[in-house]
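To keep things clear, I will list the structure first and then write my remarks on it.
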Amino acid sequence: MVETQDQRQHLAQSKSIGRCTVSCIFVFLTQLVLSLVPRFFSASSFLTQLALSALLLLLFLGFGGWCRRRLLQVRASAPAFVFFNILFIWGFYVSVIRQAVPLLNDAVFSGEVVFLVIGLYSILTSDPGIVTNGSASSDQPLNSSVSQVDNHDEELELPCHESTEGSGLGTRVRYCRSCKAYIKGLDHHCPAFGNCIGQNNHLLFLILLFGFISTEASYLVCASLFAAKSGILDRPSMEPTLSENLAVSTILFMILQLVWQVVFVIWHIYCVCVNIRTDEWIKWKKYPEFQLLVQPQPGQSFANFRFRNPYDKGILQNVEEFLALRA
């Protein structure tokens with residue numbers, strides 16, 4: 001039995017190392033593919049290069065992911081992909097960009113990179129709020145509620161008055177199919193961080209998002225200083241070197257990252273303000289407390305369900321009617 005357990009651990013470690021290796025290779029290929037944009041389109045405007053980079057990034061990640069899964073039949077690690085992207089950007093910064101950056105900017109960016117690495121490890125190993133059989137979801141044990149769940153896609157069914165009254169997240173226990181666990185205050189399962197985002201690590205998640213935005217903005221400042229000093233953006237007719245191509249492509253990459261991450265942060269700030277989780281917003285049709293029955297008007301033959309947020313006392317939100325019942 002001991003040997004079997006050791007073999008399982010060794011196999012799990014081998015798989016983890018293999019996935020990390022695949023992610024590392026994928027990061028280098030992604031950055032090299034993006035460097036083709038300033039290499040062949042250096043005479044184009046910056047906005048044109050930005051649009052081409054976004055298109056190329058989507059095509060490469062989609063096609064590369066399909067080839068990896070279907071043809072090579074290998075798996076990668078999303079957290080490792082994030083980590084090696086951070087490592088690549090920092091390594092390129094140290095070897096190329098740093099020479100043109102003032103000491104203060106260098107210290108700020110290096111400190112932010114260290115913060116990201118520590119934050120990524122912290123959220124990867126954090127407990128999002130896993131609820132086990134017999135532990136308390138609010139003030140009472142969970143074991144009486146777990147037996148009520150017939151389908152893991154649905155929420156953990158708590159007594160009606162607990163699900164609809166109060167704004168605390170302790171009673172809002174949802175099931176995560178990826179983690180195969182019940183999570184208090186589940187927002188979503190984050191593949192990039194390799195963990196669920198729940199009640200216990202939601203604040204860390206938001207802090208880490210702001211950390212990524214701050215780090216990417218700092219890199220843009222540093223890379224812009226390097227571009228201004230080297231003049232790589234002012235001589236499009238000359239054939240740029242690989243380091244110059246990577247300097248421009250990493251700027252484009254960081255801008256693309258900033259665009260979607262800023263939108264992502266705004267969404268999560270909105271969710272915090274109205275006291276709702278991403279999982280609840282997307283799957284509200286599975287949670288009865290989010291459904292408001294609208295009686296049919298004269299001349300209508302059916303009633304409608306509309307969305308409402310029972311955890312926000314000041315807001316009643318209506319969205320597109322998606323479900324119709326026969327009267």
Side-chain angles (χ1 to χ4, degrees), residues 3-36 53-92 113 116-130 151-153 174-183 186-198 200-201 204-205 208-209 211-212 215-216 246 249-250 253-254 256-257 260-261 264 278-279 282-283:
E3 293 180 355
T4 303
Q5 185 68 20
D6 291 340
Q7 290 175 355
R8 290 178 179 176
Q9 292 179 356
H10 179 71
L11 181 61
Q13 292 176 355
S14 300
K15 289 182 177 180
S16 179
I17 293 174
R19 293 176 181 179
C20 290
T21 303
V22 172
S23 298
C24 181
I25 296 173
F26 213 60
V27 166
F28 278 96
L29 290 177
T30 301
Q31 297 297 337
L32 288 176
V33 166
L34 287 178
S35 68
L36 297 178
S53 297
L55 180 61
L56 189 61
L57 185 63
L58 291 175
L59 290 176
F60 179 76
L61 291 179
F63 181 73
W66 181 85
C67 292
R68 175 178 54 81
R69 292 187 301 268
R70 300 294 183 179
L71 301 181
L72 301 178
Q73 295 184 350
V74 294
R75 300 184 63 182
S77 170
F81 185 80
V82 175
F83 171 76
F84 285 119
N85 264 306
I86 297 173
L87 197 61
F88 179 90
I89 294 296
W90 181 77
F92 180 75
V113 170
L116 287 187
V117 174
I118 296 175
L120 185 62
Y121 173 80
S122 299
I123 200 166
L124 183 64
T125 58
S126 64
D127 174 19
I130 297 177
N151 191 325
H152 285 167
D153 291 340
R174 315 295 185 192
Y175 185 81
C176 174
R177 297 182 62 185
S178 299
C179 294
K180 295 180 173 61
Y182 294 99
I183 310 296
L186 174 67
D187 186 89
H188 68 286
H189 182 86
C190 183
F193 294 156
N195 202 354
C196 279
I197 307 302
N200 293 356
N201 62 356
L204 176 60
F205 171 74
L208 195 54
L209 283 182
F212 270 98
T215 305
E216 289 155 0
L246 285 172
S249 65
T250 52
F253 178 73
M254 287 300 188
L256 294 176
Q257 292 296 309
W260 78 264
Q261 288 177 7
F264 197 55
T278 303
D279 176 77
I282 296 175
K283 301 178 181 179

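Note that these values count all heavy atoms, side chains included, but never hydrogens, waters or copies made by symmetry. Residue indices begin at 1 and follow the sequence shown.
Looking at Asn201, its side chain does come within 3.5 Å of a backbone N or O of Cys196 through a donor-acceptor pair. At distances below 3.5 Å, not a single donor-acceptor pair connects side-chain atoms of Ser77 with backbone N or O atoms of Arg19. A donor-acceptor pair is defined here as one N or O able to donate and one able to accept, closer than 3.5 Å; no such pair exists between the side chain of Asp279 and the backbone of His188. Asn195 places a side-chain N or O within 3.5 Å of a backbone atom of Ser126 that can act as its donor or acceptor partner.
You'll find the side chain of Gln261 stays beyond 4.5 Å of the side chain of Leu209, heavy atoms only. By the 4.5 Å heavy-atom criterion applied to side chains, Ile197 and Leu186 are not counted as neighbours. At least one side-chain heavy atom of Phe193 sits under 4.5 Å from a side-chain heavy atom of Leu208. Residues Leu87 and Phe84 are in side-chain contact: their nearest non-hydrogen atoms beyond the backbone lie under 4.5 Å apart. Side-chain contact between Thr30 and Phe81 is present, with heavy atoms from C-beta onward closer than 4.5 Å.
Minimum heavy-atom separation, Pro191 to Pro79: O-CD, 3.4 Å. Shortest non-hydrogen contact noted between Ser249 and Gln31 is OG-O, 4.3 Å. Minimum interatomic distance between Leu34 and Ser53 (heavy atoms only, all atoms of both residues): CD2-O, 3.7 Å. Between Ile130 and Ala181, the shortest heavy-atom distance links the atoms CG2-CB, 4.1 Å. The two atoms that bring Val33 and Leu56 nearest to each other are O-CD2, 3.3 Å, heavy atoms only. Ala76 approaches Val22 most closely through the heavy-atom pair CB-CG1, 3.9 Å.
Ring pair Phe26/Phe60: centre-to-centre distance below 6.0 Å.
Between Phe63 and Trp66, the two ring planes are parallel [angle under 30°; tilted spans 30° to 60°].
How far CD1 of Ile25 is from SG of Cys20: 11.5 Å, rounded to the nearest 0.5 Å. Arg75 contributes atom CZ, which lies 8.5 Å from atom NZ of Lys15 (distance to the nearest 0.5 angstrom). The CD1 atom of Ile123 sits 8.0 Å away from atom CG of Leu120, with the distance rounded to the nearest 0.5 Å. The structure places CG of Asp187 at 6.5 Å from CZ of Phe205, a figure rounded to the nearest 0.5 Å.
By the 6.0 Å contact criterion, CZ on Phe264 is enclosed, its count of non-hydrogen atoms from other residues, nucleotides or ligands being greater than 12.
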Exercise for the section: Take Phe212 and Thr215 through the side chain to side chain contact (heavy atoms under 4.5 Å, CB included) test and state the conclusion after the steps. Expected result: CA-CA 5 Å; Phe212 270 98; Thr215 305; 5.8 Å; no

Practice task
Evaluate the side chain to side chain contact (heavy atoms under 4.5 Å, CB included) criterion for residues Met254 and Ile89: first the C-alpha distance (whole Å), next the side-chain angles of each, then the deciding distance (0.1 Å), finally the verdict.
Solution key: CA-CA 10 Å; Met254 287 300 188; Ile89 294 296; 3.4 Å; yes

